[in-house]
Visitor: 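Starting off with a structure, shown below.
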Amino acid sequence: MSMNNNNPPKSLGASSSPFSNAGMPGNPVFSQAQAQAQLSAGFQAQFQLSQAQALALAQSKAQALAQAQGQVAHAQFQAQLQAQSLSLNQAQNAGIGNLGSSSPSFSTPGSANVKRIFQRPPMRPPGVPMTNTMSPLRMMELTPAARRKKQKLPDKQLQERVAAILPESALYTQLLDLETRVDAAVARKKVDIQEALKNPPSVQKTLRIYVFNTFANQVQTIPKKPNAEPPMWTLKIIGRILEEGIDPDQPGFVNKSNPFYPKFSSFFKRVTISLDQRLYPDNHIIIWEHARSPAPQEGFEVKRKGEKEFTVNIRLEMNYVPEKFKLSSALMEVLGIEVDTRPRILAAIWHYVKARKLQNPYDPSFFNCDAQLQKVFGEDRVKFTMVSQKISQHLSPPPPIHLEHKIKLSGNSPAGNACYDVIVDVPFPIQRELSALLANGEKSKEIDACDEAICATIRKIHDHCRRRAFFLGFSQSPVEFINALVQSQSQDLKMVAGEPSRSAEKERRSDFFNQS
């Protein structure tokens with residue numbers, strides 16, 4: 001590879017970056033060896049040197065010459081790396097479709113008219129450290145040239161040339177359009193279902209709570225026997241959702257729990273059962289929390305040993321989803337609501353202001369307070385955005401439900417016939433079906449399997465179309481087809497061998513071989 005004499009060699013201390021301006025015209029870079037040679041020439045012309053001085057001067061000249069040769073070799077190697085990187089990037093940008101045309105020759109600054117032909121990758125010159133030769137390659141890896149990617153058709157789409165060969169493909173294209181519209185509609189419906197499940201609608205139902213106890217091995221009912229089991233009792237708390245028009249306490253009624261309704265424990269946040277501390281001093285308080293045992297249960301059961309009757313206190317804290325609050329007496333007097341969620345309380349305040357036309361006409365972001373609202377907010381006017389913050393002091397957790405049951409150890413078992421009705425919010429039965437529909441992935445798996453089969457068939461059709469085009473071109477003009485095929489294959493081989501700048505037309509002429 002020849003270098004232009006106008007391109008001065010780089011110094012060893014210069015940066016090896018391909019973007020340096022060492023070879024730009026107007027900024028000549030003089031090496032230390034050239035400066036020493038000029039100084040020594042002028043010094044020798046004025047004075048006569050002795051033999052020792054001449055020997056030292058000759059040695060310094062030899063060292064300067066060796067250093068200059070190393071710099072020239074290093075500059076040549078850097079230029080090779082730059083030219084090769086540029087040619088590889090240009091070859092990648094050109095694509096496979098441009099193999100028939102000759103590739104343009106590249107030049108570096110200072111050698112614009114020199115044509116370079118790469119026979120093999122450049123070798124590292126002796127005496128040049130490896131650290132200086134790696135930086136251009138690293139920089140080209142960090143800043144790769146932009147590639148023009150060929151637009152890839154979807155796997156399920158037929159190419160235009162295939163559609164021209166197969167007139168029946170118009171029906172397939174119509175089916176693809178229909179499938180696209182159906183997929184878009186299904187996706188919209190899924191999003192709507194997901195949004196609806198975030199705030200699930202609910203209906204109010206009556207939850208009937210039953211509290212009773214059973215007993216066994218009691219002395220009052222069974223005479224005491226030796227080696228008999230100790231007397232025991234069991235407290236049970238169960239419940240069910242009442243259906244409209246059906247009384248579950250009628251004789252002959254068969255109790256069947258509805259699978260669409262939540263289980264009994266889902267309606268409670270915390271259940272506290274207090275026993276008589278005099279009879280059970282060690283563990284007289286039993287607490288169940290929904291956060292610690294989220295698995296739903298059909299009821300609660302407490303079993304203990306004992307033969308004395310006493311009264312049990314039961315405290316039930318409801319689990320409202322979304323959370324509900326108890327309103328203060330002042331706010332309850334305004335809205336007429338005892339327990340409700342925060343969004344519904346805010347909506348009730350807005351309807352109250354709108355119904356009584358309390359909104360400030362000069363500043364709609366405020367509303368005026370009448371006598372009842374002044375008891376709640378304590379101001380003449382309030383900004384709408386501050387209502388949520390100001391009503392927090394008027395909201396408190398809803399009161400728990402207190403029940404009492406007397407543990408009876410004689411008479412009929414089970415003992416106790418008390419039941420309690422509580423109004424609860426039950427989600428729509430269709431909510432569970434919608435959740436199961438979103439979680440069901442079997443249908444999507446079947447659709448994916450069908451899509452894979454369709455894509456495989458489309459790829460086979462495209463392969464057959466390429467084979468048809470290949471043989472059709474050969475049958476129409478065998479000689480031209482073979483020549484074009486050989487030329488394309490030769491260009492591919494040149495590309496693989498790293499010779500993208502060679503031109504067969506230029507190599508046929510004698511001027512190509514007369515170059516330096």
Side-chain angles (χ1 to χ4, degrees), residues 193-194 196-214 234-273 286-303 312-327 337-345 397-405 414-440:
I193 293 174
Q194 291 175 354
L197 291 179
K198 291 181 180 179
N199 297 316
S202 59
V203 294
Q204 288 189 342
K205 294 282 187 179
T206 301
L207 174 65
R208 179 160 293 180
I209 303 174
Y210 299 88
V211 182
F212 60 93
N213 74 279
T214 60
T234 303
L235 174 65
K236 294 184 179 181
I237 305 173
I238 61 175
R240 68 171 67 95
I241 298 294
L242 300 184
E243 298 288 349
E244 296 181 0
I246 299 177
D247 187 3
D249 297 328
Q250 290 180 353
F253 177 78
V254 180
N255 182 18
K256 292 183 180 179
S257 59
N258 194 332
F260 296 106
Y261 292 148
K263 292 188 176 181
F264 179 69
S265 64
S266 302
F267 296 103
F268 303 99
K269 184 187 302 182
R270 185 182 293 104
V271 178
T272 305
I273 301 175
I286 299 99
I287 300 177
W288 175 89
E289 292 183 351
H290 184 270
R292 295 185 178 181
S293 55
Q297 305 294 332
E298 292 291 351
F300 304 101
E301 183 177 299
V302 177
K303 183 180 290 187
V312 177
N313 294 321
I314 303 171
R315 187 172 184 265
L316 305 176
E317 298 181 22
M318 302 300 295
N319 182 25
Y320 295 108
V321 179
E323 188 177 4
K324 290 187 177 182
F325 300 91
K326 177 180 174 56
L327 281 68
I337 301 174
E338 185 177 358
V339 177
D340 212 331
T341 61
R342 181 183 286 267
R344 291 178 62 87
I345 294 172
I401 300 173
H402 291 278
L403 305 177
E404 289 185 357
H405 175 75
N417 54 3
C419 60
Y420 308 90
D421 290 342
V422 180
I423 302 299
V424 295
D425 294 331
V426 178
F428 278 119
I430 197 174
Q431 179 185 356
R432 182 174 297 182
E433 298 179 1
L434 294 177
S435 300
L437 176 63
L438 294 179
N440 187 12

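The figures here come from the full heavy-atom set of this structure, side chains too, leaving out hydrogens, waters and symmetry mates.
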Visitor: Would you give the length of the straight line joining atom NE2 of H290 to atom NZ of K269, rounded to the nearest 0.5 angstrom?
Guide: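 So the gap between those two atoms works out to 11.0 Å.
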Visitor: Looking at D425 and K205, is any side-chain nitrogen of the basic one under 4.0 Å from a carboxylate oxygen of the acidic one?
Guide: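 Salt bridge between K205 and D425, a charged N being under 4.0 Å from a carboxylate O: no.
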Visitor: Do I286 and T272 make a side-chain contact, defined as non-hydrogen atoms from C-beta onward lying under 4.5 Å apart?
Guide: no
Visitor: Salt bridge check: are R270 and E289 linked by an N-O gap of less than 4.0 Å?
Guide: yes
Visitor: If you measure from the Lys or Arg side-chain nitrogens to the Asp or Glu carboxylate oxygens, is any gap between D421 and R208 under 4.0 Å?
Guide: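 Between R208 and D421 there is a salt bridge, with a charged N closer than 4.0 Å to a carboxylate O.
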Visitor: Is any side-chain heavy atom of P262 closer than 4.5 Å to one of V426?
Guide: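 Sidechains of P262 and V426: in contact.
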Visitor: Check whether any side-chain heavy atom of K326 sits under 4.5 Å from a side-chain heavy atom of P399, and report yes or no.
Guide: yes
Visitor: Any side-chain heavy-atom pair from F268 and L207 closer than 4.5 angstrom?
Guide: yes
Visitor: So how far is it from K263 NZ to I238 CD1, rounded to the nearest 0.5 Å?
Guide: 14.0 Å
Visitor: Do you see a donor-acceptor pair shorter than 3.5 Å between the side chains of Y210 and R240?
Guide: yes
Visitor: Would I241 and T206 satisfy side chain to side chain contact (heavy atoms under 4.5 Å, CB included), going step by step from the backbone distance to the final call?
Guide: CA-CA 6 Å; I241 298 294; T206 301; over 6 Å; no
Visitor: List the steps and the verdict of side chain to side chain contact (heavy atoms under 4.5 Å, CB included) for I337 and V339.
Guide: CA-CA 6 Å; I337 301 174; V339 177; over 6 Å; no
Visitor: Should F300 and V271 count as side-chain neighbours, where that means a heavy-atom distance under 4.5 Å?
Guide: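 Yes, close enough: below the 4.5 Å cut-off.
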Visitor: Give the minimum heavy-atom separation between F264 and G299, together with the two atoms involved.
Guide: CD2-CA, 3.8 Å
Visitor: Given the rule in the side chain to side chain contact (heavy atoms under 4.5 Å, CB included) test, do Y320 and V424 qualify, once you have shown the distances and angles that lead to the verdict?
Guide: CA-CA 8 Å; Y320 295 108; V424 295; over 6 Å; no
Visitor: Cation-pi check for F325 against R342: NZ or CZ below 6.0 Å from the six-membered ring centre and within 45 degrees of the axis, yes or no?
Guide: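 Yes, R342 and F325 form such a contact.
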Visitor: Between the side chains of H402 and N313, is a donor N or O closer than 3.5 angstrom to an acceptor N or O?
Guide: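 Absent: no donor and acceptor within the cut-off.
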Visitor: Tell me, do L235 and E301 make a side-chain contact under 4.5 Å, heavy atoms counted?
Guide: no
Visitor: Do F267 and L316 have side chains that approach each other closer than 4.5 Å (heavy atoms only, starting at C-beta)?
Guide: no
Visitor: Between L327 and I345, is a side chain to side chain contact (heavy atoms under 4.5 Å, CB included) present by the stated rule, with each step listed?
Guide: CA-CA 9 Å; L327 281 68; I345 294 172; 3.4 Å; yes
Visitor: Less than 4.5 Å apart, side chain to side chain, heavy atoms only: is that true for I237 and I273?
Guide: yes
